[in-house]
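Everything below concerns the one structure shown next.
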Amino acid sequence: MTSVPLSPASQPLRVGLAGLGTVGASTLRILRRQENALAARCGRTIRVTAVSARDRNRDRGIDLGGLTWFDDPVALAASDEIDCLVELIGGSDGPAKAAVEAALSAGKHVVTANKALLAAHGVALADLAESKGVALAFEASSAGGIPVVKTLREALAGNNVSRISGILNGTCNYILSRMEQEGLTFEACLKDAQRLGYAEADPTFDVEGFDTAHKLAILTSLAFGTKIDAEAIHVEGISAITPLDLKMADDLGYRIKLLGVAERTKTGIEQRVHPTMVPKSSPIAQVMGVLNAVSVDADAVREITLVGPGAGGDPTASAVVADIADVARGTAGLPFGLPVARLDEAKRAPMQRHEGGYYVRLAVADRPGAAAAIATRMAEADISLESIVQRRSPEAATRDPGGRSGAPVPVVLITYATSETAIRAALEKVTADGHVAEPPQVIRIEREQV
């Protein structure tokens, strides 16, 4: 690992903290609580000297006396009072980007938890940090308190990674866990998640998969030594998942998780975020509630899975403080483990070429020959069906216990391995034939452990 040169160890590392929300306040508390231990471990004192936030008068439950206050985070970043900027503002552009660029340009180290910023500008910022001989550290950006960045960049340096996958958003995992365990709808679980503070007032960024995609873009670069390519990621969210899908998954031996997956394929590096059926026997299927998990497949270690809290004040601040400690002791390495000039342009593997099993739920017209016609369309696309399950709802059975009610009937198809192109083409024809009453529900199946 290439170390970044630092000021003499006898001098305190002076930290400027931009952003005093939940994570920022927790970071300040940990640094104060662990001051003596950190000094012993790092060989120098770490001292927060200045802060910046939008509201100077907000009660954060922490004493800010003796700290220099900056209304402008960019002014904080350029100040002679700090050696290291900790950016916890958030957002891919605006004040966060301006402050990080100002700090790096001034030859100051940067620690950030900002996955959106890194997904959009990570390579350019790493290049700037490298040119100035300073650190750009971001352990907290990808899975909160789980040390996955250091694991990929340092602990697995002797491995050739073939695949990385994981639950990277606690909000989605909480919602899917509650839906499965209590039979609740997505809407009911989302409201509860918002009440408990697990979901934002506008939850789109989380539940539609974009938060997971930003984190996956960073991890893909670390795993495969490539430039970040967030636009290459296929993204689907969980808002269309129903209790019936979760019940069917359970009956079939699976759980549904929102996964971020990046893997080497014959056509390039495939990056995707979507609901996935995972075997209940797999380690990642056991991860419930707001926890995150990351699995790495590599040639020497085979498979490892890291599990822990992926968000929240203290877990995320723990990762932030770990990066500050690396800066203080002089062991902060190159941001992506390689010089920027040696990061490859990732060859994109089109999602249309993805291959695997599929769960397809159709609302099929309750009339003779409909199911047979659908099976024929699948056969025409060379799709082999492992099973077909027809399940009339209890309400329909009560209304018409002896025959057809005329209402659409849920029909679930489980396919053997096929391609995304084939399954989409077949379902387009099924829809055009008029046999289904609503758009098909399609969930990819991971038959091997992830």
Side-chain angles (χ1 to χ4, degrees), residues 1-4 18 74 77 84-143 148-154 156-157 161 164 168 210-235 260-264 268-273 294 319-320 323 326-327 332-349:
M1 179 177 67
T2 302
S3 294
V4 173
V74 177
C84 175
L85 175 73
V86 177
E87 184 274 305
L88 301 172
I89 301 168
S92 61
D93 291 286
K97 179 173 181 282
V100 169
E101 288 177 334
L104 294 174
S105 296
K108 302 179 190 302
H109 310 288
V110 171
V111 172
T112 180
N114 192 337
K115 64 264 184 180
L117 175 68
L118 292 164
H121 308 291
V123 174
L125 293 174
D127 190 36
L128 179 57
E130 190 178 324
S131 72
K132 295 293 183 178
V134 294
L136 173 64
F138 46 86
E139 181 63 69
S141 67
S142 295
V148 63
V149 171
K150 286 184 175 65
T151 298
L152 287 169
R153 188 178 58 204
E154 298 161 22
L156 297 181
V161 175
I164 183 166
L168 299 174
F210 302 115
D211 175 75
T212 297
H214 285 162
K215 296 170 181 176
L216 181 66
I218 297 165
L219 297 180
T220 301
S221 178
L222 290 162
F224 301 115
T226 57
K227 294 179 181 179
I228 290 176
D229 189 9
E231 293 182 357
I233 302 176
H234 175 86
V235 183
V261 180
E263 60 185 326
R264 294 186 188 276
I269 294 177
E270 185 177 277
Q271 297 184 75
R272 48 192 169 92
V273 172
V294 181
V320 171
D323 278 341
D326 281 348
V327 171
L334 293 168
F336 293 98
L338 293 171
V340 169
R342 293 184 58 193
L343 294 174
D344 295 328
E345 294 283 352
K347 182 182 178 183
R348 297 181 179 182

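Keep in mind that the numbers below use all heavy atoms, side chains included, and drop hydrogens, waters and symmetry copies.
- Under the side chain to side chain contact (heavy atoms under 4.5 Å, CB included) criterion, A319 pairs with E139, A140, not counting sequence neighbours.
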Problem - Trace of the side-chain contact (heavy atoms from CB on, under 4.5 Å) decision for V273 with L168 - result: CA-CA 10 Å; V273 172; L168 299 174; over 6 Å; no
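- In terms of modelled atom types and a separation under 3.5 Å, the side chain of N114 and the main chain of G91 share a donor-acceptor contact.
- Scanning all heavy atoms of the two residues, the minimum distance from V74 to A98 falls at CG2-CB, 3.6 Å.
- Every residue meeting the salt bridge (charged side-chain N to carboxylate O under 4.0 Å, His left out) condition with D323, not counting sequence neighbours, appears here in chain and number order: K150.
- Taking the salt bridge (charged side-chain N to carboxylate O under 4.0 Å, His left out) definition, one finds that K108 meets it with nothing, sequence neighbours left out.
- In this structure the side chain of R348 never reaches within 4.5 angstrom of the side chain of Q271, judged on heavy atoms.
- To the nearest 0.5 angstrom, E154 atom CD is 10.0 Å from L222 atom CG.
- Tested against V86 for a side-chain contact (heavy atoms from CB on, under 4.5 Å), the candidates V111, V110, V327 yield a single pass: V111.
- Residues forming a salt bridge (charged side-chain N to carboxylate O under 4.0 Å, His left out) with E87 (at least two apart in sequence, or on another chain): none.
- E270 places none of its side-chain heavy atoms less than 4.5 Å from the side chain of V261.
- Taking all atoms of both residues into account, the shortest heavy-atom contact from V294 to A143 is CG2-CB, 4.4 Å.
- Distance CZ/F336 to CG/L152: 12.0 Å, rounded to 0.5 Å.
- Take D344 and apply the side chain to side chain contact (heavy atoms under 4.5 Å, CB included) test, not counting sequence neighbours, and it matches T226.
- Considering only heavy atoms from C-beta on, P339 comes within 4.5 Å of L334 through its side chain.
- With values rounded to the nearest 0.5 angstrom, L219 atom CG is found 10.5 Å from T151 atom OG1.
- The side chain to side chain donor-acceptor pair (under 3.5 Å) search around S221 returns none, not counting sequence neighbours.
- Nearest heavy atoms, R264 versus V161: NE-O, 3.4 Å.
- Residue H214 holds its NE2 atom at 10.0 Å from CD1 of I228, rounded to the nearest 0.5 Å.
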Enumerate donor-acceptor pairs with a distance under 3.5 Å from any side-chain N or O in residues 117-138 to protein atoms, sequence neighbours excluded.
from : atom 1 : to   : atom 2 : distance (Å)
H121 : NE2    : S92  : O      : 3.3
H121 : NE2    : D93  : OD1    : 2.9
E130 : OE1    : V340 : N      : 3.0
S131 : OG     : L128 : O      : 2.7

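- In this view, A18 and P73, L76, L85, I89 satisfy the side chain to side chain contact (heavy atoms under 4.5 Å, CB included) rule, not counting sequence neighbours.
- Partners of S142 under the side chain to side chain donor-acceptor pair (under 3.5 Å) rule, at least two apart in sequence or in another chain, do not exist in this structure.
- Using a 4.5 Å heavy-atom threshold, the side chains of D229 and T220 count as separate.
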